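Below: the structure, in structure tokens.
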Amino acid sequence: MSSVQLVVLAVNGLLLWGTAYAGVPLQRYEAVLKQQSAPEDRQLGLYDDSDKVVGLTVSNFDETVVNKSHGALVEFYNSYCGHCRNFAPTYKKLAEQLLPWSEVVIVAAIDCAAEENNGICRTYEIMAYPTLRYLSPGYQPAPQHYGEPLRTIDLDEIRGLLAGKVAAENLTSITNNTAWPNFHHISDSDSASSLFEGLSSLPQYVAVVHEPENSTLAIETALFLLQWPAVQVRRVTDPEVAAKFKVEPGTNPVSLVDRKGHIKAYSPAASTGESYAQTIEQVLRKESFTPRPVKENIVAPEAKKTQPTALIEEVHRNKHFVYQADLEQAIRTILHNEVPKVGEISGEKLLALQRFLVVLQRYNPLGSNGRQLVTKLKDYVVQFNTQLSGQQFEQEMKRLEGELSPVYSTSHYVGCTASSPRYRGYSCSLWTLFHFLTVQAANNEASQDPLEVLQAMHGYIKNFFGCTNCAEHFQAMASKRKIWNVPNKEEAVLWLWAAHNEVNQRLAGDNTEDPEFPKIQFPSKSSCSECRRSPESTSENLEIEWNKDAVLSFLKNIHNPQFISRFGVEKDEVLHPTAEKMRQKRQISSVFTDIDMRMGMLLYAFCILMMVVAFKLFAFKGYRKKPYGHDMLGKV
Ligand SMILES: Cc1cc2nc3c(=O)[nH]c(=O)nc-3n(C[C@H](O)[C@H](O)[C@H](O)COP(=O)(O)OP(=O)(O)OC[C@H]3O[C@@H](n4cnc5c(N)ncnc54)[C@H](O)[C@@H]3O)c2cc1C
């Protein structure tokens with residue numbers, strides 16, 4: 001170890017020592033926990049009742065989208081996936097825009113990161129996030145039939161595809177939905193009066209809308225006008241038929257036909273279904289027609305959002321700390337959510353899971369029950385040669401957890417706490433766990449494989465990490481940065497550190513960044529000034545000249561199991577029954593070095609020896625004086 005490393009180790013060690021264990025304000029934290037562990041404190045999704053997305057969970061999924069008279073667009077997402085977070089504003093906008101369509105099709109979403117929804121996300125074979133599926137009216141789940149995918153995240157494209165699917169529904173599935181528009185094209189034989197045949201007395205107008213080939217303009221217009229019983233929209237594509245109703249593609253693509261056969265053409269401001277609908281609405285309003293109120297969607301009760309202020313303060317105070325709580329949360333999410341969600345674990349996936357569990361077993365940060373759990377789970381998984389299902393894994397994991405309970409010392413993030421539930425959390429804890437594992441491997445003399453952890457991580461991210469976009473980026477970065485050429489275990493620690501910094505750099509300022517925790521080039525100057533060679537280097541500067549020896553020491557220090565902070569741990573006994581004693585012992589040994597201790601022992605032994613000698617001398621003297629004393633006494 002170089003002298004720089006020694007100095008850095010000592011300074012950082014002392015800093016961490018002083019704060020990681022010193023008087024965790026437990027009462028304050030308990031108060032926060034109480035606030036957080038209220039029954040409503042479950043996994044929060046990306047949508048709430050302030051927006052128009054219908055919130056689905058396992059408890060309302062079937063009743064909201066299965067065998068209904070309306071269709072449903074369902075987004076399967078992971079609340080911790082940056083791509084899903086980026087897409088959420090678009091989806092909210094879509095839901096807001098398509099609210100008038102809700103009697104025919106609703107816009108809904110389910111969070112696959114919530115453990116309770118594992119079964120649904122597994123059944124629907126969700127392989128990437130976000131996934132959009134259209135479920136028809138009357139939909140019944142069946143093997144190979146879990147909705148039709150919509151492979152775009154562009155708002156206009158989604159709306160168009162959805163309109164196309166709605167219009168293509170066959171009539172039998174929608175017979176009991178009276179709001180369903182007539183999407184049939186006007187034919188050559190139709191006339192102004194025949195357009196009203198078969199209609200109830202409510203519609204006073206039929207809107208004839210020209211729809212160019214490969215467009216859904218008229219379908220969308222009809223859907224935007226669902227709340228207006230005074231009008232029925234009909235599609236026309238043939239320009240000659242359109243002309244019969246004064247419709248001219250390009251100039252007057254919309255006309256209104258009344259019951260007396262009067263026809264008036266209109267020229268909407270824009271070529272969109274929404275704009276066509278607005279033009280028609282204006283006419284209807286002038287004539288004092290009113291819309292029906294929009295049907296309220298059934299929204300699953302959302303959890304109250306608590307701001308864990310005390311946790312945020314703690315993390316701001318100790319920016320580079322690694323917390324036991326986050327390591328546990330990462331493992332829990334992997335075991336409870338990410339692996340069980342996979343329908344079939346076979347081939348490369350199975351190998352990746354086995355490798356990951358072997359590494360986790362070796363460097364497991366959990367307490368003794370947690371270590372047993374991972375060991376038994378690994379033994380279970382390695383028995384399978386060809387395939388196992390996510391459900392089998394989940395059952396075995398839950399059985400073992402029941403047997404070994406309690407396994408986890410906490411159920412909340414600490415270092416990965418965010419200012420809002422849409423930030424940080426699991427992906428932050430996953431980085432933390434993998435950094436921890438690379439450091440433990442580097443400190444382990446027994447293993448010589450430099451790629452042990454990186455390979456396990458690569459396989460896990462590729463096959464199980466629910467942030468699809470992140471996984472793709474990571475694989476590209478891994479080959480660009482030549483992950484398979486990493487020469488030794490210490491370089492593996494640095495490889496992951498540098499790769500993570502590259503991701504930080506790319507995401508700095510992104511809308512997935514928590515404003516309370518901006519992405520920096522890690523470690524910051526204030527956390528480790530020795531880590532940067534040039535004092536003027538800033539966190540914004542990608543070309544920071546790093547002192548890699550110092551960085552390595554710093555990373556080894558903060559991931560040293562002795563320095564992992566237990567702030568926020570609810571069940572300390574789950575980790576080490578004698579944690580307090582060990583801490584006291586460590587506090588003593590942090591004040592005295594080994595040499596001090598040995599000198600102390602020597603001094604102690606020397607004192608005892610001196611006392612024995614003194615006693616012997618005294619006793620011998622007393623023995624010699626005794627006859628004299630006796631004489632004296634005898635004389636007296
Ligand atoms: C493998 C992987 C790939 C990802 N790719 C993407 C992506 O392509 N797009 C996307 O939007 N999101 C991606 N994410 C998520 C993203 O990187 C963050 O995890 C997320 O935005 C939360 O950020 P955060 O601020 O909590 O800190 P994170 O970046 O998650 O960091 C967690 C903690 O690690 C420590 N840390 C930070 N940098 C380093 C470092 N260089 N070395 C050691 N420790 C460090 C800090 O204490 C920090 O609090 C990815 C996550 C993972 C695990």
Side-chain angles (χ1 to χ4, degrees), residues 78-88 113 129-130 311-312 314-316 318-323 325-327 329-330 333-334 338 413-439 453-454 456-478 481 483 492-524 526-528 531 539 542 544 546 548 551-559 564-565:
N78 262 333
S79 43
Y80 55 76
C81 136
H83 208 41
C84 302
R85 288 171 179 172
N86 277 334
F87 176 60
Y129 299 92
L311 293 182
I312 291 181
E314 154 70 17
V315 181
H316 277 315
N318 302 303
K319 287 197 172 60
H320 53 258
F321 269 27
V322 176
Y323 293 89
D326 300 324
L327 296 171
Q329 285 292 88
T333 307
I334 289 168
E338 293 222 288
Y413 293 105
V414 174
C416 292
T417 297
S419 64
S420 148
R422 63 196 207 91
Y423 301 122
R424 314 196 79 213
Y426 174 59
S427 57
C428 165
S429 70
L430 193 62
W431 276 121
T432 309
L433 177 66
F434 281 115
H435 287 299
F436 176 86
L437 296 177
T438 53
V439 168
V453 176
L454 292 186
M457 175 182 179
H458 188 272
Y460 182 84
I461 298 288
K462 182 175 174 196
N463 293 288
F464 295 97
F465 189 27
C467 175
T468 321
N469 191 248
C470 307
E472 283 162 8
H473 276 130
F474 183 76
Q475 284 172 79
M477 182 172 66
R481 287 182 165 270
I483 191 172
V493 175
L494 288 172
W495 187 94
L496 192 58
W497 158 77
H500 191 170
N501 267 347
E502 185 180 324
V503 177
N504 292 344
Q505 178 72 22
R506 180 160 48 84
L507 298 179
D510 187 78
N511 59 5
T512 57
E513 179 184 71
D514 187 337
E516 284 264 0
F517 299 96
K519 308 259 187 246
I520 56 151
Q521 288 301 286
F522 186 91
S524 68
S526 60
S527 291
C528 177
C531 292
S539 58
L542 227 202
I544 294 169
W546 294 103
K548 290 200 179 159
V551 171
L552 183 63
S553 297
F554 178 81
L555 293 173
K556 282 189 166 185
N557 247 319
I558 61 171
H559 295 97
I564 300 298
S565 171

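Along the sequence shown, residues carry numbers from 1. What you are looking at is a predicted structure, and each value in this text was computed from that prediction instead of being measured. When a ligand or atom number is given, it counts from 1 through the structure's own listing order. These numbers come from the heavy atoms of this one structure, side chains and all, not from hydrogens, waters or symmetry mates.
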Any luck finding a side-chain donor-acceptor pair between Asn501 and Gln505 under 3.5 Å?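 No, no side-chain donor-acceptor contact under 3.5 Å.
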Within the 3.5 Å criterion, strictly below it, is a donor on Asp514 or Ser419 matched to an acceptor on the partner's side chain? yes
Among all protein heavy atoms, pick the one closest to atom 35 (C) of ligand 1 and tell me residue, atom and distance. Phe522 CE1, 4.0 Å
Check each heavy atom of [X] against ligand 1 and say whether those closer than 4.0 Å belong to the side chain, the backbone, both or neither.
| X | answer |
| --- | --- |
| Asn501 | both |
| Leu507 | side chain |
| Phe434 | neither |
| Phe474 | side chain |
| Arg85 | neither |
| Gln521 | neither |
| Asn504 | side chain |

With heavy atoms of [X] as the reference, note each atom of ligand 1 found under 4.0 Å away.
| X | answer |
| --- | --- |
| His473 | 7 (C), 8 (O) |
| Lys519 | 18 (C), 20 (C), 21 (O), 22 (C), 23 (O), 24 (P), 25 (O) |
| Ser427 | 15 (C), 18 (C), 19 (O), 20 (C), 22 (C), 53 (C) |

Looking only at distances, can you tell me whether any N or O atom of [X], backbone or side chain, sits closer than 3.5 Å to an N or O atom of ligand 1?
| X | result |
| --- | --- |
| Asp510 | no |
| Thr432 | no |
| His83 | no |

Approximate separation, where rounding is to 0.5 Å, of [X] [atom1] and [Y] [atom2]:
| X | Y | atom1 | atom2 | result |
| --- | --- | --- | --- | --- |
| Trp495 | Leu454 | CH2 | CG | 6.0 Å |
| Arg85 | Asn469 | CZ | CG | 12.5 Å |
| Phe465 | His458 | CZ | NE2 | 13.5 Å |
| Tyr323 | Ser429 | OH | OG | 14.5 Å |

Between Lys462 and Glu472, does any side-chain N to carboxylate O distance fall below 4.0 Å? no
Between Trp546 and Trp497, how do the two ring planes meet: parallel, tilted or perpendicular, split at 30° and 60°? perpendicular
What is the ring orientation for Tyr80 with Tyr426, classed by angle as parallel under 30°, tilted 30 to 60°, or perpendicular over 60°? perpendicular
Does NZ or CZ of Arg424 fall inside the cone over Tyr413's six-membered ring, less than 6.0 Å from its centre and within 45° of the axis?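 Negative - Arg424 is either too far from the ring of Tyr413 or too far off its axis.
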Tell me whether His435 reaches ligand 1 (any heavy atom closer than 4.0 angstrom to a ligand atom). yes
